[in-house]
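Structure first, then comments.
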Amino acid sequence: MMHGDTLIRISLNALGQNMDMLRQLMGPEVAVMAVIKANGYGHGATEIAPTLLQHGACYLAVARLEEALPLRKAYPDAPLFVLGHTPDRLLECAALNRITLTVFSVHQATLLNAIGEKNGIRPTVHLKAETGFNRLGTDDLEEMKSILRLPHLYVEGIYSHLALKDRPSDELQLNRFLSIVDALENEGHFFRHKHIADSISCVDYPDFRLNMVRPGALLYGMKGFESDALSPIPALSMETRITRLRRLAPGEGVGYDLSWQAQRPSVIATLPFGYGDGYPRTLGGSGYVTIRGIKCPLVGVMCMDQCVADVTEVPGVQVGDLAIIYGDGTRNTLSIQEAASLAGTNKNELLCRLSERPFRLYEE
Ligand SMILES: *Cc1c(COP(=O)(O)O)cnc(C)c1O
């Protein structure tokens, strides 16, 4: 496959190892729903799905049905889950494609039940319980009980999501969740999957694992949790090569508005990446790339497709030299974590804003 100089390397090996380490830590009783929404946090959902399944993911989860359908097309037998709300008009499409949905209203459960009856199938859903996040879910036990009575619907699981404010408030949510589960199980319903823990809570709170966890960030090597029980490996790096070098005399400017001016005799390098690749525009003044092991500050305004780095300090710098845009933080490279804090955002946003344009190279 042809590609230019700007590319994202994805280590399938790192993804597999992260899954293995996670499963080891969770133990055999805890299933893993691997979250690959937003194009697998920028890593490419379709491309990484087989690795995650081979390493024991029992579900692949996305946020919306339109993310699940291409996965269904590529992987006719993969267990697929939609974490978000599915509009009424798409419920039949989801059910016919055997995609497990999140349901939290009698209204949608009834529609799905009718779809099941009409097509001779049993649409599969997980109930979403409201425990305090106040985004999706229901805490109406009577409604949940009537959903469980629908004959053409398979309520395979029940779940909720944590606000992660602090341990006491997370425990309050867990306890609300468990009391909802108990109340429904006491009516004789069996939930195959019960889950409330994301990447952070599944590591830091062992008693929140129940029988399924829903990690995203962790699988990609992002460490948001505090425990040292797991050291996930970053799966993504991004790089480019120097397009042009130019010497500047003091006082010469660079880019739009000439917003940066050389203070000393300088060498600047033009690099073919910009905010059109999903790199934060605000890092124009504060980010850096790593060339020959040296941090080179980005100078001037970050453009859509290109930017400029000050490479005055790089001995022997040449056109075509490799520039690491995102690395793992070692050898003077900018980690996703550090880039996120420089850009005033979080790791997940930096990853999922990576656009389609940079070529993704998948490596074992
Ligand atoms: C995105 C998401 C997750 C995964 O979150 P991470 O912090 O990346 O582990 C889990 N559950 C739900 C409902 C989500 O939307």
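Both ligands and their constituent atoms are indexed starting at 1 by order of listing.
Nearest protein heavy-atom neighbour of atom 7 (O) of ligand 1: D198 OD2, 3.6 Å. Protein heavy atom closest to atom 13 (C) of ligand 1, with residue, atom name and distance, is H161 ND1, 3.6 Å. Protein heavy atom at the shortest distance from atom 11 (N) of ligand 1 is R214 NE, 2.8 Å.
Between the side chains of H152 and N113, no donor-acceptor pair is found at a separation under 3.5 Å.
Side-chain rings of H193 and Y159 stay apart, their centers remaining 6.0 Å or farther from each other.
Proximity to A217 (heavy-atom distance under 4.0 Å) selects the following atoms of ligand 1: 6 (P), 8 (O), 9 (O). Every atom of ligand 1 with a heavy atom of S199 under 4.0 Å away is listed here by number and element: 6 (P), 9 (O). In the vicinity of Y41, heavy-atom distances shorter than 4.0 Å reach the ligand 1 atoms 1 (C), 4 (C), 5 (O), 6 (P), 8 (O). Annotation for ligand 1: atoms under 4.0 Å from non-hydrogen atoms of P215 are 9 (O).
At a heavy-atom distance under 4.0 Å, no atom of I200 approaches ligand 1.
A salt bridge between R23 and E29 is absent, with no side-chain N of the basic residue lying under 4.0 Å from a carboxylate O of the acidic one. A salt bridge is absent between R64 and E67: the closest approach of a Lys/Arg side-chain nitrogen to an acidic carboxylate oxygen does not fall below 4.0 angstrom.
Between H161 and F133, the ring planes lie tilted relative to each other; the angle falls in the 30° to 60° range. Note: H85 and F104 have tilted aromatic rings, judged against thresholds of 30 and 60 degrees for the angle between ring planes. Using cut-offs of 30° and 60° on the angle between ring planes, the pair Y220 and H43 is tilted.
Selection from M222, K37, K347 by nearest heavy atom to atom 14 (C) of ligand 1 gives K37.
Annotation: side chain of Y154 is not in contact with side chain of T100 (no heavy-atom distance under 4.5 Å).
Within the 4.0 Å heavy-atom cutoff, N348 counts among the residues contacting ligand 1.
At a 3.5 angstrom cut-off on N or O pairs, V35 does not count as close to ligand 1.
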